[in-house]
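First comes the structure, then the notes that go with it.
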Amino acid sequence: MDNMLKTTLAKRFLLFSLIFLLSLSLYSIRTASAEKVGVVLLHEKNGSPAAPHLKGIISAMQGAGFIVIAPEMPYSKTRLYDKSYADTLTEIDSYVAQLKQKGATKVFIAGHSLGANVAIGYAAKTSVDGIVAIAPGHTPEQAGFQSYVGESVNRARQMVNDGKESANSRFTDSNQGRTYTIMTTAGIYLSWFAPEGPAVIPLNAQSIKPETAFMWVVGTQDKMYQKGQSYAFDKAPSNKCNKYLVVNSDHMNTPQDASADIIKWIREATQCVSSAH
């Protein structure tokens with residue numbers, strides 16, 4: 001074999017090796033990128049992460065390669081407000097830390113109903129890559145909501161004024177127009193239900209960190225749909241990654257019906273926030 005042929009074969013081998021290594025590198029980058037997206041998914045009021053309407057979106061997110069943590073929150077059916085709104089936001093810090101320990105380099109907080117409220121509240125407190133507010137609920141600043149809980153709010157406020165902030169009592173909760181009784185302390189109750197308290201969605205939306213991408217998802221059969229973008233979404237800082245999505249669904253089924261669009265947006269937002277930074 002002459003030297004020219006040997007040189008040609010060597011060049012071809014080197015070229016094929018480089019192509020193979022490049023393909024392997026691109027595959028690794030794509031795989032790593034999917035695995036590095038972490039999502040904390042917050043369930044709705046009086047619910048649980050095991051609720052049937054959340055199983056689909058959790059499974060779809062995991063199938064997309066996202067690292068998903070779906071914790072039981074302080075407002076769940078079994079915990080029933082065992083922490084204040086502020087302490088609930090602090091609890092989420094631990095779930096974000098878990099995502100990062102699992103390798104997540106991009107962190108998104110997604111929530112359904114009251115979970116969406118809390119996700120927005122968290123983004124007002126802490127910078128994350130993005131939040132997804134799915135069928136947002138719990139509007140203590142609204143007169144209609146206070147018509148259900150106002151008497152309990154006044155009683156809790158009087159208890160706090162009397163130095164009984166840590167005293168347990170029965171108070172009224174409202175969930176999609178249905179009322180029921182809960183047992184918690186006066187201070188904790190006020191943090192969730194006072195119209196001037198920290199759980200007001202529009203006030204928290206305007207305090208979202210500017211670098212955080214914001215997706216609002218609402219169904220056409222949801223009462224929140226009537227409030228439109230001006231209620232809270234438009235109050236958030238301008239961000240080219242933000243998205244307001246309307247789907248043909250009701251309050252409970254929006255997580256499942258919007259799951260494909262949510263996953264698509266998270267993937268797009270992952271790239272969008274990277275370029276924005």
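Because the structure is predicted, anything quoted here is derived from the model rather than measured. Throughout, numbering of the chain's residues begins at 1 and tracks the sequence.
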- [ ] Identify whether the distance between the nearest side-chain nitrogen and carboxylate oxygen of Arg79 and Asp82 falls below 4.0 Å.
- [x] yes

- [ ] State yes or no: do Val153 and Tyr180 share one hydrophobic cluster built from I, L, V, M, F, W and Y residues joined by side-chain heavy-atom distances below 4.5 Å, directly or via other members?
- [x] yes

Task: Closest non-hydrogen atom pair, Pro140 against Gln146 - done: O-NE2, 2.8 Å

TODO: Indicate whether any N or O donor in one side chain lies under 3.5 Å from an N or O acceptor in the other, for Gln271 and Lys106.
DONE: no

Open item on the list: Just verifying a value: how many Å separate Ile67 CD1 and Met61 CE, rounded to the nearest 0.5 Å?
Closed with: 13.0 Å

Open item on the list: Testing the basics here: between His251 and Pro136, what is the closest heavy-atom pair and its distance to 0.1 Å?
Closed with: CE1-O, 4.3 Å

Task: Test: Glu165 and Arg157 ion pair at under 4.0 Å - done: no

- [ ] Indicate yes or no for a side-chain donor-acceptor contact from Ser191 to the backbone of Ser84 under 3.5 Å, with no hydrogens or angles considered.
- [x] no

Task: Main-chain N/O of Lys45 paired to His112 side chain as donor or acceptor, under 3.5 Å - done: no

Task: Donor-acceptor contact below 3.5 Å, side chain Asn253 vs main chain His53 - done: no

TODO: Verify, without hydrogens or angle tests, whether Arg155 (side chain) and Arg170 (backbone) share a donor-acceptor contact under 3.5 angstrom.
DONE: yes

Task: Atom of Lys243, atom of Phe233 and distance for their closest heavy-atom approach - done: O-CE1, 3.4 Å

TODO: Check the pair Ser113, His138 against side chain to side chain contact (heavy atoms under 4.5 Å, CB included), reporting the backbone distance first and the verdict last.
DONE: CA-CA 7 Å; Ser113 195; His138 191 78; over 6 Å; no

Open item on the list: Between Ile134 and Ile262, is the side chain to side chain contact (heavy atoms under 4.5 Å, CB included) condition met? List the steps.
Closed with: CA-CA 9 Å; Ile134 310 168; Ile262 290 169; 3.7 Å; yes

Open item on the list: Walk me through whether Thr185 and Asn168 qualify under side-chain hydrogen bond (donor to acceptor under 3.5 Å, both in side chains).
Closed with: CA-CA 4 Å; Thr185 71; Asn168 278 291; 5.7 Å; no

Task: NZ/Lys164: more than 12 non-hydrogen atoms of other groups inside 6.0 Å - done: no

Task: Sole residue of Tyr189, Trp192, Phe193, Tyr85 in ring-ring contact (aromatic ring centres under 6.0 Å, His included) with Tyr75 - done: Trp192

Open item on the list: Would the distance check show the side chain of Asp129 and the main-chain N or O of Phe108 forming a donor-acceptor pair, the cut-off being under 3.5 Å?
Closed with: no

Open item on the list: Check whether Asn204 reaches the backbone of Pro198 with its side chain - one donor and one acceptor, N or O, closer than 3.5 Å.
Closed with: yes

Task: Residues Glu91 and Lys125 bridged, charged N to O under 4.0 Å - done: no

Open item on the list: If I compare all heavy atoms of Ala205 with all of Ala232, which pair ends up nearest, and what's the gap?
Closed with: CB-O, 3.5 Å

- [ ] May I ask you to check whether over 12 heavy atoms, not counting those of Phe145, lie within 6.0 Å of atom CZ?
- [x] yes

- [ ] Looking only at non-hydrogen atoms, find the nearest pair between Thr212 and Ala123 and report the distance.
- [x] CG2-CB, 4.4 Å

Open item on the list: Check for me, please, whether Ile57 and Trp265 land in the same ILVMFWY cluster - side-chain distances under 4.5 Å, paths through other members count.
Closed with: yes

Open item on the list: Please check: side-chain N/O of Thr179 versus main-chain N/O of Ser174, any donor-acceptor pairing under 3.5 Å?
Closed with: no

Task: Heavy-atom pair of closest approach, residues Thr172 and Val149 - done: O-CG1, 3.5 Å

- [ ] Report yes or no: does Ser59 contribute a side-chain atom to a donor-acceptor pair with the main-chain N or O of Lys55 at less than 3.5 Å?
- [x] no

Task: Shared hydrophobic cluster, Trp216 / Leu203 (ILVMFWY, side-chain heavy atoms < 4.5 Å) - done: no

Open item on the list: Looking only at the side chains, is there a donor atom on one of Ser48 and Glu72 sitting less than 3.5 Å from an acceptor on the other?
Closed with: no

Task: Stepwise side chain to side chain contact (heavy atoms under 4.5 Å, CB included) check, Tyr244 with Val218 - done: CA-CA 8 Å; Tyr244 185 90; Val218 66; 3.8 Å; yes

- [ ] For side-chain hydrogen bond (donor to acceptor under 3.5 Å, both in side chains), just list the numbers for Lys227 and Gln142, CA-CA rounded to whole Å, side-chain angles, deciding distance to a tenth of an Å, and then say yes or no.
- [x] CA-CA 11 Å; Lys227 298 185 184 300; Gln142 298 284 302; 3.0 Å; yes

Open item on the list: Quiz question: by atom type and distance under 3.5 Å, do the side chains of Gln158 and Asn154 form a donor-acceptor pair?
Closed with: no

Open item on the list: Counting only heavy atoms from other residues, nucleotides and ligands, does the tally under 6.0 Å from CD of Glu151 exceed 12?
Closed with: no

Task: Thr90 side chain vs Ala86 backbone, donor-acceptor pair below 3.5 Å - done: yes

Open item on the list: Checking the side chain of Asn242 only, and the main-chain atoms of Phe214 only, is there a donor and an acceptor separated by less than 3.5 Å?
Closed with: yes

Open item on the list: Would you say Val200 ends up clustered with Tyr81 if hydrophobic residues are merged whenever their side chains have heavy atoms under 4.5 Å apart, either directly or through other cluster members?
Closed with: no

Open item on the list: For residues Met73 and Met183: do they belong to one hydrophobic cluster (side chain heavy atoms under 4.5 Å, members Ile, Leu, Val, Met, Phe, Trp, Tyr)?
Closed with: no

